[in-house]
Each structure stands twice: as C-alpha cells, then as structure tokens.
2 protein chains.
Amino acid sequence: MSDARETSLESGLGLNPRWDAHGLITAVATDVASGEVLMVAHMNADALAATLATGEAHYWSRSRQELWHKGATSGSTQRVIEMRIDCDQDAVWMKVEPAGPACHTGERSCFYRVVGANGLVRDSGA
Amino acid sequence: MSDARETSLESGLGLNPRWDAHGLITAVATDVASGEVLMVAHMNADALAATLATGEAHYWSRSRQELWHKGATSGSTQRVIEMRIDCDQDAVWMKVEPAGPACHTGERSCFYRVVGANGLVRDSGA
C-alpha cells in the first residue's frame, strides 16, 4: 500500500473499505448493553450497504455464498446502534441490540466456550 | 464440512481451530475493563500457541508475514485475561489488559471512527 493511500485510509473521513481478495471485510457485533462479543462474520459491499440502509445487520454468508440478513428467518435480528471502522478499514465493529440469540446453536453469543489450559470450558455467561 | 466434524467443532471441548486457506483465524481483542473492541487481527498456530503459553497476545502480521508479539517494541503489550473461541472455531475473542494504545496510530482502539450517514466521524471515546 502506498503511503498516501495508507494515510487516507487511516486519517481520512471517507468510508473506503479495504476489501480482501474475496471482496470481504470482517464484521464484529457486540451487545450494546453488555459489551459481549456476539459474533464475528463478514460483509461484502452489498451487505455493508444493506446494513447502513436498513439499520439491521446484514452479512455475507461464506458457506452459502449469499447475502444474509441476520434474523430474517430466525427472528433474531440485530439493530445496529453504532458502527465503527478500524484504522486500515478492513474491519467494522457494530454495537447492536439483538432480538434473540446471535448463534445458530441457540447461544446468546457464538463465544460460549473459554479456552483453558486443558481444552475448552463451556460458559455461556460471558 | 461433514455433520460429524461440525458437531465436534461446535459442541466439543477440544481446541480445534479451523484455520483458513492461509492458516489463520480471526482474533478480536477487547479491553477487559471497558469492553471496548481494541483491534481485530489474525493468528496462526504459532501465534495462538505463544499467546496461550505466555499470557500475552501474539498475532500473525499479514503485512510483515511474521509472528507479532504485540507491544514487543512499543511496550503496548496485551495481557490476556480470558480467551474464548466461537462456534465454528475460526475466531477467538480475548479480553485483555492493554499496557498502552492498541493502534499503531496511537489511538487506544483501532476503531476511532464512527460510520455515519455522510462518511466517518472521528470519535476516540468508544
């Protein structure tokens, strides 16, 4: 990356996502009330645009290769209270109000296991 | 992914990271005190092992293509208080005690800009 492009990305006030080779950025959703990280997923340009237009989190499903309006079928939508972007614009952080569990397993957060010295420990309360 | 492998990944208590094509998983670091998302980066197997062994966050620098002990040169290390892994084991969430700014720009968090209707708004206080 050129220095000029890097400076613009880091200090500029233009939204210029740095899409990866698959056209994606990383998206982290936290619960605006608890601060808990709910999930980590990805967005393409369509998902980002749909999220900004509707105020509800949209992702790109890498497994299904389709736009994914979170909660469209389950009801567990995520209302976006605030979206932030990081220094090099390849990740966004959304503070959301979740209407239900973020995880397809039914857990509130996808991060329901703690990494311990001897493997994982299940702990749903973050 | 086979159903058996998926079940083991999701409900098992073995640490079995699902490395991507580049041998990486996503790593999110939050401030254990404020809950603020500090940064999103990546880990390879060496970085994960070093993090678990030392209790300080290690990442894989994709730009430099080397193991990156966060804060080794800047002093801004991150002490890992808790590490969690997500349902499909391709992302970890670390709650850390940062010894200094997470961002190379000097900001406490890399997410110092809010995405607004008309571009980005600088706001260091998350």
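Throughout, a chain's letter reflects where its sequence line sits, starting with A, and its residues are numbered from 1.
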S.K.: So which heavy atom on B/Glu10 is nearest to which on A/Tyr112, and how close?
M.R.: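 Minimum heavy-atom contact is O-OH, 2.6 Å.
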S.K.: So does A/Cys110 get a backbone contact from the side chain of B/Arg84, meaning a donor-acceptor N/O pair under 3.5 Å?
M.R.: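 No.
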S.K.: Heavy atoms only, distances under 4.5 angstrom: which of A/Ala91, A/Gly119, A/Ala117 has the most pairs with chain B? Name it, please.
M.R.: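 The answer is A/Ala91.
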S.K.: Using a 4.5 angstrom heavy-atom cutoff, name the option from A/Val37, A/Thr105, A/Val40, A/Val121 with the most pairs to chain B.
M.R.: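 Counting heavy-atom pairs under 4.5 Å, the top option is A/Val37.
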S.K.: Tell me who clusters with B/Val115, hydrophobic residues only, linked when side chains sit under 4.5 Å apart either directly or through other members.
M.R.: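 Joined to B/Val115, directly or through intermediates: A/Leu13, A/Leu15, A/Trp19, A/Ile25, A/Leu38, A/Met39, A/Met43, A/Leu48, A/Leu52, A/Tyr59, A/Trp68, A/Val80, A/Met83, A/Ile85, A/Val92, A/Met94, A/Val96, B/Leu120.
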S.K.: I'd like to check the side-chain hydrogen bond (donor to acceptor under 3.5 Å, both in side chains) partners of B/Glu107; sequence neighbours left out, ordered by chain and number.
M.R.: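 Testing B/Glu107 for side-chain hydrogen bond (donor to acceptor under 3.5 Å, both in side chains), a comparison that skips the adjacent residues, returns B/Arg122, B/Ser124.
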S.K.: Taking all non-hydrogen atoms of both residues into account, name the closest pair between B/His104 and A/Cys87 and its distance.
M.R.: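 Smallest heavy-atom distance, with atoms named: CE1-SG, 3.9 Å.
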S.K.: From B/Ser109 OG over to A/Trp93 CH2, what is the distance, rounded to the nearest 0.5 angstrom?
M.R.: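 With rounding to 0.5 Å, OG (B/Ser109) is 6.0 Å from CH2 (A/Trp93).
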S.K.: Which residues from residues 72-79 of chain A are near chain B, with near meaning under 4.5 Å between non-hydrogen atoms?
M.R.: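 Listed by number: none.
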S.K.: Side chain from CB out, backbone as N, CA, C, O: work out which of these in B/Asn16 comes under 4.5 Å of a heavy atom of chain A, or both, or neither.
M.R.: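 Neither part.
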S.K.: Enumerate by number any residue of residues 26-33 of chain B whose heavy atoms lie under 4.5 Å from heavy atoms of chain A; in the absence of such residues, state 'none'.
M.R.: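 So far as heavy atoms go, B/Thr26, B/Val28, B/Thr30 are the residues that approach chain A to under 4.5 Å.
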S.K.: Does A/Arg62 pair with B/Asp90 as a salt bridge, N-O distance under 4.0 Å?
M.R.: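 Looking at A/Arg62 and B/Asp90, the cut-off is met.
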